[in-house]
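For ligands, and for the atoms within them, numbers begin at 1 and follow the listed sequence. The model shown is predicted, which means the values in this text are computed figures rather than measured ones.
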Amino acid sequence: MSMTMTEDHLDAARVAAVLARVTARRPRVQCLTNTVAQNITANMLLAFGAIPSMAIHVDEVAAMADGAGAILINIGTINAESELAIPKLLEVARDKAKPLVFDPVFVELSPLRQHVARQVLRLRNIVVRGNATEMTALADALQAAREHNLTLVTTGKIDRIEGPRGAFSVAHGHPLMTKVTGVGCAAGALIAAACAVESNPALAAAAALTAYGIAGEIAAERSNGPGSFTVALIDALAGLDEATLRARMGEEG
Ligand SMILES: Nc1ncnc2c1ncn2[C@@H]1O[C@H](COP(=O)(O)OP(=O)(O)O)[C@@H](O)[C@H]1O
Ligand SMILES: Cc1ncsc1CCOP(=O)(O)O
Ligand SMILES: [Mg+2]
C-alpha cells in the first residue's frame, strides 16, 4: 500500500506510554489463530504484559471474546469450524465495539481465504496486518474498506501503518524475525493488545511494532540462530523499558 498521508513522528515516550498501559491493564486478547502460531503468539502476548486466550470452538468464541479487550482473527490454518467461528467474532467486535485485528495469512494462495478476507473487510474500524504479498493480494478490497475506517499495517523490513487518525513507518526489527514461523502472526496479536489500551489504532500498531522490532534487534544480538532467537525475542520483549526504547530510537544524550 502506498502512503498518501504525512507521517506522524513516534518517540520513545509515546511507545512507553502504550506499553505501560498494557502492563497496567493487562488486556486479554481473544485469538482465533492458526495452529502453527498459537504457542508463540500466546507467549509473546504474555511477554508484552497482556493475557492470551486462544479459544477456537464455534460455540464459545463469542463468550470468550465478550469480555476480551481485543480480538485477533488469523486465517493461517482456517478449517470448516473456524470458518464458522469467524462471523461470531465479527458480531462481537461490531456489537461491543471491540478492537479487531485481522491477519490474512496466505490470502494470495486460495479462493477460500480471499472469500473469508472479503467477509471480514466488510466490518468497520478494523486493523488488517499482513506482509506485502498478502496486502497486495487484497489491494482492491483494502482500498474499498478505507471508506469505513480501516487501519492498514504492512509489515516487512520497514512496517507501514496507515489509518484514519495517522500514518507511521517503523524501521526497527531484524531479518531473523522472518526465519521463525509465527513471528508475523504474533505481531498481529501485539497490535491487538495495544489497540485494547490505545484508541488510535495506527498509534497502537506503531507502538507495538516499534517495541517488537527493538526486541528483535536486542534478541539478534543475544542469540546464535533462529532457535535461540525465538527464546531471546520473548525475553527481550518482556524486558523492554523506556530507557532501552530511547537508546534504540536514537534519543540518548
Ligand atoms: N527484513 C526485515 N528486517 C527487519 N525486520 C523485519 C524484516 N522482515 C520482517 N520484519 C519484522 O518481522 C515481523 C513480522 O513481519 P513479516 O515478516 O512481514 O510477517 P509475516 O511473518 O506474516 O510474513 C514484523 O515485526 C516486521 O517488522
Ligand atoms: C507456516 C504456516 N502455515 C499456515 S499458518 C503458518 C504460520 C505463518 O506464520 P507467519 O506468517 O507469522 O510466518
Ligand atoms: Mg504472516
Checklist entry - For ligand 1, which atoms, with element, lie under 4.0 Å from some heavy atom of Gly184? => result 14 (C), 19 (O), 20 (P), 21 (O), 22 (O)
Checklist entry - Between Gly184 and ligand 2, does any nitrogen or oxygen pair lie at a separation below 3.5 Å? => result yes
Next on the checklist: Geometry only, no angles: is Cys185 polar-contacting ligand 2 at N/O separations under 3.5 Å?
Outcome noted: yes
Mind checking whether [X] has an N or O less than 3.5 Å away from an N or O of ligand 1?
X	answer
Asn131	yes
Glu134	no
His174	yes

[atom]: the protein heavy-atom neighbour that sits closest, reported with distance to 0.1 Å:
atom	answer
atom 3 (N) of ligand 2	Phe106 CE1, 3.7 Å
atom 1 (C) of ligand 2	Thr181 OG1, 3.7 Å
atom 13 (O) of ligand 2	Gly182 N, 3.5 Å
atom 4 (C) of ligand 2	Gly76 O, 3.2 Å
atom 6 (C) of ligand 1	Gly156 O, 3.5 Å
atom 19 (O) of ligand 1	Arg129 NH1, 3.1 Å
atom 2 (C) of ligand 1	Lys157 CA, 3.5 Å
atom 12 (O) of ligand 1	Met177 CB, 3.4 Å

Item to check | ligand 2 contact on Val183 by region, counting heavy-atom pairs under 4.0 Å | outcome: backbone
Item to check | Salt-bridge contact Arg248-Glu221 (side-chain N to carboxylate O under 4.0 Å) | outcome: yes
Checklist entry - Just heavy atoms, cut-off under 4.0 Å: does Thr178 contact ligand 1 by side chain, backbone, both, or neither? => result side chain
Next on the checklist: Quick check: do Asn34 and Asp103 have side-chain heavy atoms less than 4.5 Å from each other?
Outcome noted: no
Next on the checklist: If we only consider heavy atoms of Pro175, is any one of them less than 4.0 Å away from an atom in ligand 1?
Outcome noted: yes
Checklist entry - Applying a strict 4.0 Å limit to heavy atoms, is Ala37 in contact with ligand 2? => result no
Checklist outcome for this item: Nearest heavy atom to atom 2 (C) of ligand 2, choosing from Thr77, Val36, Asn131, Thr35, belongs to Val36
